[in-house]
Amino acid sequence: MTWLVTTYQPVSLFSLRPATATASGGKTLIAPTAFAVKMGILNTSIQIMGVEEGEKRFSIIRDLRIRLALPEQIVMIKSFAKVLRETEFKGKAVDKDAWFVEQLERRRYPFGATIAYREFIQFAGPLSLAVTTPQGDIPSWLAETMLSINYFGKRGSFMQPVKLPEQQAELSERFTEITADSTAYQIDGTLAMLDDCSNTMTFAHANIYEGGKSIRLGKERILRHVVLPYTLAQSSRGYSRYQYTGSM
């Protein structure tokens with residue numbers, strides 16, 4: 001089995017909403033998911049080589065095995081942010097025109113300012129991704145693609161590759177599989193539900209511009225129950241700190 005290992009230095013705060021959260025949900029996972037990584041690889045493949053090449057690579061990307069190594073400490077920042085939200089009319093039809101005039105005068109239409117809860121992750125060091133195919137080989141194009149990815153998760157969660165990807169026959173105990181359910185539970189670990197691509201997902205599902213097929217949770221997008229080797233060391237109103245506990 002050969003793994004391609006790429007190390008990234010986070011250069012901004014990370015945020016990735018759980019797959020089960022609503023569009024307005026403010027919580028975040030503490031790690032990138034397999035789905036986010038695979039969509040990042042697909043997006044970068046299309047940017048480098050075009051849509052046709054991305055479609056050719058899709059089945060390989062969808063079935064990739066991925067292992068993740070995070071830094072010693074992870075800090076979750078809990079905050080409130082000022083956001084813009086679409087203003088909706090909820091009154092009687094006869095009052096609609098007057099309501100619109102009032103909202104325009106107050107500069108609350110079409111969007112109004114409100115306060116929303118948000119969580120962000122600060123990684124205390126670089127993180128590494130190990131990627132391979134189910135057969136254990138490395139596609140020739142994968143190293144260039146991994147090197148060109150600059151964010152995982154929500155847009156703005158920027159990552160900077162710090163060295164060239166390298167092939168390794170064996171991985172250290174720091175790497176946790178995120179493309180399969182954990183088979184053992186570490187008592188001081190943290191259980192996370194990380195999404196992944198199912199084997200029924202097609203390029204038409206991933207192509208949000210022309211595919212015409214929606215991605216359904218539990219069908220094309222599935223959840224992996226992964227135990228991350230981190231324990232909640234400290235927590236308060238404004239933050240939570242997770243500490244690496246070692247492998248299972």
Side-chain angles (χ1 to χ4, degrees), residues 3-18 26-41 44 64-79 118-132 142-143 145-180 182 184-196 224-236 238-248:
W3 296 85
L4 183 70
V5 179
T6 311
T7 301
Y8 299 88
Q9 177 66 48
V11 294
S12 65
L13 298 177
F14 170 82
S15 179
L16 179 59
R17 188 171 60 240
K27 289 185 173 293
T28 181
L29 297 166
I30 66 172
T33 69
F35 188 89
V37 173
K38 291 176 180 180
M39 292 301 102
I41 296 173
T44 304
L64 287 173
R65 290 184 61 190
I66 302 174
R67 292 186 179 181
L68 175 67
L70 298 171
E72 286 285 336
Q73 297 187 69
I74 301 170
V75 177
M76 176 186 292
I77 302 169
K78 307 171 186 179
S79 65
R118 292 290 184 266
E119 293 178 348
F120 300 94
I121 298 297
Q122 173 71 63
F123 292 112
L127 58 88
S128 296
L129 287 170
V131 183
T132 190
L142 188 56
T145 306
M146 296 299 294
L147 197 61
S148 301
I149 296 176
N150 58 18
Y151 78 91
F152 295 110
K154 293 182 67 175
R155 192 179 299 274
S157 301
F158 294 116
M159 306 280 177
Q160 176 65 49
V162 294
K163 59 182 178 179
L164 293 175
E166 53 186 16
Q167 296 189 18
Q168 297 181 15
E170 296 183 1
L171 299 175
S172 73
E173 63 179 15
R174 293 298 300 268
F175 285 87
T176 301
E177 179 103 25
I178 60 173
T179 47
S182 296
Y185 186 82
Q186 186 175 358
I187 193 64
D188 55 354
T190 297
L191 178 65
M193 297 178 65
L194 309 180
D195 55 353
D196 191 7
R224 307 286 192 188
H225 296 78
V226 179
V227 179
L228 299 172
Y230 288 83
T231 187
L232 182 60
Q234 289 179 302
S235 184
S236 73
Y239 78 97
S240 294
R241 181 175 66 87
Y242 293 86
Q243 178 70 44
Y244 176 69
T245 58
S247 62
M248 289 184 284

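No experiment lies behind these values; they were computed from the predicted model shown.
A donor-acceptor contact under 3.5 angstrom links the side chains of T179 and E177, judged on distance only.
Residues F14 and I30 share a closest heavy-atom pair of CE2-C, 4.5 Å. Shortest non-hydrogen contact noted between F152 and L129 is CZ-CD1, 3.4 Å. Closest non-hydrogen pair, P165 versus A143, comes out as CG-O, 3.7 Å. Closest approach of I178 and P32 over heavy atoms only: CD1-O, 4.0 Å. Here the closest heavy-atom approach between residue V226 and residue A180 is recorded as CG2-O, 3.8 Å. Of all non-hydrogen atoms in A124 and P71, the two that sit nearest each other are O-CB, 3.7 Å.
Listed for the Y230 side chain is a donor-acceptor partner under 3.5 Å among the backbone atoms of L70. A distance-only check finds a donor-acceptor pair linking the side chain of Q186 to the backbone of G246 [under 3.5 Å]. Not one N or O on the side chain of T6 forms a donor-acceptor pair closer than 3.5 Å with the backbone of M146. Put simply, the side chain of T28 gets close to the backbone of L16: a donor and an acceptor are under 3.5 Å apart. Checking side-chain atoms of K163 against main-chain N and O of T7 turns up no donor-acceptor pair under 3.5 Å. Distance alone, capped at 3.5 Å, places no donor-acceptor pair between the T132 side chain and the R65 backbone. Looking at T245, its side chain never comes within 3.5 Å of a backbone N or O of T231 through a donor-acceptor pair. Under a 3.5 Å cut-off, the side chain of S240 and the backbone N or O of M76 do not form any donor-acceptor pair.
Between L64 and V37 there is no side-chain heavy-atom pair separated by less than 4.5 Å. Taking 4.5 Å as the limit, every side-chain heavy atom of Q9 sits out of range of all side-chain heavy atoms of M159. With contacts defined as side-chain heavy-atom distances shorter than 4.5 Å, the pair H225/M193 qualifies. Side-chain contact between R224 and T33: absent, with no pair of heavy atoms (C-beta onward) separated by less than 4.5 Å. In this structure the side chain of R241 never reaches within 4.5 angstrom of the side chain of Q122, judged on heavy atoms.
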Y8 and V162: side chain to side chain contact (heavy atoms under 4.5 Å, CB included), yes or no, with the steps? CA-CA 6 Å; Y8 299 88; V162 294; over 6 Å; no
Could you walk me through whether T190 and L232 pass the side chain to side chain contact (heavy atoms under 4.5 Å, CB included) check? CA-CA 8 Å; T190 297; L232 182 60; 5.8 Å; no
For E170 and F175, what are the C-alpha separation, side-chain angles and deciding distance, and is it a side chain to side chain contact (heavy atoms under 4.5 Å, CB included)? CA-CA 10 Å; E170 296 183 1; F175 285 87; over 6 Å; no
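Here the CZ atom belonging to F35 is positioned 13.0 Å from the CG atom belonging to L194, to the nearest 0.5 angstrom. Atom-to-atom distance recorded for K78:NZ and E119:CD is 7.0 Å, nearest 0.5 angstrom. Note that OG of S79 and OH of Y239 are 15.5 Å apart. Values are rounded to the nearest 0.5 Å. One distance of note links CH2 of W3 with CD of Q167; it measures 13.0 Å at 0.5 Å rounding. To the nearest 0.5 Å, atom CE of residue M39 and atom CD1 of residue I149 are 11.0 Å apart. Rounded to the nearest 0.5 angstrom, E166 CD and S128 OG are separated by 8.5 Å.
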